[in-house]
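In what follows, residues are counted from 1 in the order of the sequence shown.
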Amino acid sequence: LFGVPVNEVVQIGLIMCTMLVAGVSVVMRLDAGIKRLSELNIILAIVLLFGVLFAGPTILLLSGTVQNFGGYVADVIPKTFNLYVYNPTDWLGGWTILYWGWWISWAPFVGIFIARISRGRTIREFVLGVTLVPTGFIVLWMGVFGGSAIELISNGGINELGEAVQQDQAVALFKFLDYLPGTQILSLVCLSMIVIFFVTSADSGAMVLNMLSAGGEDDTPIAQRIFWTAIIAAISSVLLLAGGLGALQTAAIASA
């Protein structure tokens with residue numbers, strides 16, 4: 001986005017910067033650090049979502065979201081059990097099985113983290129806050145962003161957007177925002193969200209590792225919390241140098 005070359009030095013520098021901010025968040029503990037960043041990201045996500053919704057064909061996007069969600073509900077069972085026995089494809093291994101392993105590898109961390117932040121909540125609040133509300137938000141998010149991109153390509157004739165996505169998925173979202181009014185503002189909001197999402201993933205992971213090593217306690221010395229943040233940064237950097245994104249993914253699946 002800024003003309004900076006994509007190489008290992010830059011990538012490791014980004015890892016270190018991300019983990020530095022995550023370390024500060026972990027030191028500030030749950031309420032002052034992770035909670036504040038997460039709330040900020042939710043606000044930014046809502047701003048971006050409604051910005052794209054109102055900048056595009058609003059009625060079409062909302063109608064498409066309802067129809068697509070209905071299609072998803074209708075297909076979720078057959079899609080779940082489709083192992084492509086009679087029509088072999090790389091999709092099963094590259095997506096279905098990969099993400100099964102991916103979710104399994106994250107489950108202990110996410111489960112412990114959600115249990116920690118849900119302390120004092122009722123079962124009803126837990127179910128609503130962990131399953132129904134996030135799922136509903138994601139359905140709307142996918143409907144608005146996916147529908148907007150499909151509309152630009154299929155009815156707007158902007159085929160270069162699809163080509164840009166195929167060439168470099170990392171900048172696809174920003175290429176998409178180029179075709180909307182208020183591009184600079186939306187791009188700034190989006191970039192801020194991406195950074196904070198990385199930080200909140202890292203600091204929550206570090207907090208869980210810290211709790212596991214302390215027998216479930218999260219009121220631990222600052223040095224211990226910083227230690228686990230540094231361990232995450234070091235392992236990520238080593239795996240990146242060893243084999244790039246593929247090595248990171250393989251390590252996650254293997255650990256799962």
Side-chain angles (χ1 to χ4, degrees), residues 15 18-49 69 72-73 76 80 95-143 145 192-222 224-233 235-236 239 248-249 251-256:
I15 290 175
T18 301
M19 297 312 298
L20 180 63
V21 179
V24 174
S25 175
V26 172
V27 168
M28 294 175 67
R29 300 187 178 173
L30 186 62
D31 288 335
I34 299 174
K35 180 181 177 181
R36 297 277 176 84
L37 285 174
S38 299
E39 289 174 343
L40 174 60
N41 233 18
I42 290 297
I43 294 172
L44 291 176
I46 292 173
V47 169
L48 184 62
L49 174 66
F69 180 67
Y72 170 77
V73 172
V76 67
T80 299
W95 284 86
T96 308
I97 296 177
L98 171 70
Y99 278 99
W100 282 347
W102 194 272
W103 302 141
I104 291 171
S105 69
W106 268 94
F109 287 94
V110 176
I112 293 172
F113 179 73
I114 291 177
R116 171 62 186 86
I117 65 174
S118 299
R119 190 177 294 168
R121 302 287 184 180
T122 64
I123 298 297
R124 179 183 302 166
E125 289 173 331
F126 176 83
V127 172
L128 287 173
V130 174
T131 57
L132 300 182
V133 172
T135 300
F137 188 83
I138 291 171
V139 167
L140 183 58
W141 181 278
M142 294 294 185
F145 279 82
S192 301
M193 279 177 53
I194 292 172
V195 172
I196 298 174
F197 267 125
F198 272 111
V199 170
T200 51
S201 296
D203 59 15
S204 58
M207 190 189 82
V208 169
L209 284 172
N210 178 56
M211 288 177 60
L212 289 171
S213 65
E217 296 292 330
D218 59 357
D219 187 15
T220 55
I222 291 178
Q224 183 172 322
R225 282 175 264 161
I226 294 176
F227 169 78
W228 285 112
T229 309
I231 287 293
I232 294 176
I235 292 176
S236 300
L239 288 172
L248 285 167
Q249 292 175 328
I253 302 305
S255 64

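For Val24, the side chain to side chain contact (heavy atoms under 4.5 Å, CB included) partners at least two apart in sequence or on another chain are Met28. Scored by the side-chain hydrogen bond (donor to acceptor under 3.5 Å, both in side chains) test, Arg116 finds Asp218 as partners (sequence neighbours excluded). Every ring-ring contact (aromatic ring centres under 6.0 Å, His included) that Trp95 has, sequence neighbours left out, goes to Trp91, Tyr99. Partners of Ser213 under the side-chain hydrogen bond (donor to acceptor under 3.5 Å, both in side chains) rule, at least two apart in sequence or in another chain, are Gln224, Trp228. Evaluation of the side chain to side chain contact (heavy atoms under 4.5 Å, CB included) rule for Ile15 yields Met19, Ala233, Ser236, Ser237, Leu240 as partners, not counting sequence neighbours. Val76 is linked by a side chain to side chain contact (heavy atoms under 4.5 Å, CB included) to Tyr72, Thr80, counting only residues two or more places apart in sequence or in another chain. Qualifying side-chain hydrogen bond (donor to acceptor under 3.5 Å, both in side chains) partners for Ser25, counting only residues two or more places apart in sequence or in other chains: Asp203. Partners of Leu239 by side chain to side chain contact (heavy atoms under 4.5 Å, CB included), not counting sequence neighbours, listed by chain and number: Ile235, Leu248, Ala251. Residues satisfying the side-chain hydrogen bond (donor to acceptor under 3.5 Å, both in side chains) test with Thr220, not counting sequence neighbours, are Asn210.
Between Val199 and the options Ile194, Leu37, Leu20, a side chain to side chain contact (heavy atoms under 4.5 Å, CB included) holds for only Leu37.
Judged purely by atom type and a 3.5 angstrom limit, Ser118 has no side-chain atom pairing as donor or acceptor with the backbone of Ala115.
Leu44 has its side chain within reach of Asn41: a pair of non-hydrogen atoms, C-beta onward, lies under 4.5 Å apart. Using a 4.5 Å heavy-atom cutoff, the side chains of Ile196 and Leu40 are in contact.
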For residues 126-141, which side-chain donor-acceptor pairs fall under 3.5 Å, sequence neighbours excluded?
{"from": "Thr131", "atom 1": "OG1", "to": "Val127", "atom 2": "O", "distance (Å)": "2.3"}
{"from": "Thr135", "atom 1": "OG1", "to": "Thr131", "atom 2": "O", "distance (Å)": "2.6"}

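Thr229 and Ala206 make their closest contact through OG1-CB, 3.6 Å (heavy atoms, listed as atom of the first residue, atom of the second, distance). Here the closest non-hydrogen pair linking Ile232 and Ala202 is CD1-O, 3.9 Å.
Going from atom CG of Leu49 over to atom CD1 of Ile42 covers 11.0 Å, rounded to the nearest 0.5 Å. Taking CD1 of Ile43 as the start and CG of Leu48 as the end, the distance is 14.0 Å to the nearest 0.5 Å. The line from CZ of Phe69 to CE of Met142 is 13.5 Å long, rounded to the nearest 0.5 Å. Put simply, CD1 on Ile34 and CE on Met207 are 5.0 Å apart, with the number rounded to the nearest 0.5 Å. Atom OG of Ser192 is separated from atom CZ of Phe197 by 12.0 Å, given to the nearest 0.5 angstrom.
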- Task: Kindly indicate, with the supporting measurements, whether the criterion side chain to side chain contact (heavy atoms under 4.5 Å, CB included) is fulfilled by Ile112 and Leu212.
- Result: CA-CA 9 Å; Ile112 293 172; Leu212 289 171; 3.5 Å; yes
- Message: I'd like to know whether Ile222 forms a side chain to side chain contact (heavy atoms under 4.5 Å, CB included) with Arg225, so could you lay out the CA-CA distance, the side-chain angles of the two residues, the decisive distance to 0.1 Å, and finally the verdict.
- Response: CA-CA 5 Å; Ile222 291 178; Arg225 282 175 264 161; 3.7 Å; yes
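Surrounding CZ of Phe198 are at most 12 heavy atoms belonging to other residues, nucleotides or ligands under 6.0 Å away.
Identified under the salt bridge (Lys or Arg N to Asp or Glu O under 4.0 Å) test for residues 121-136, with sequence neighbours left out: none.
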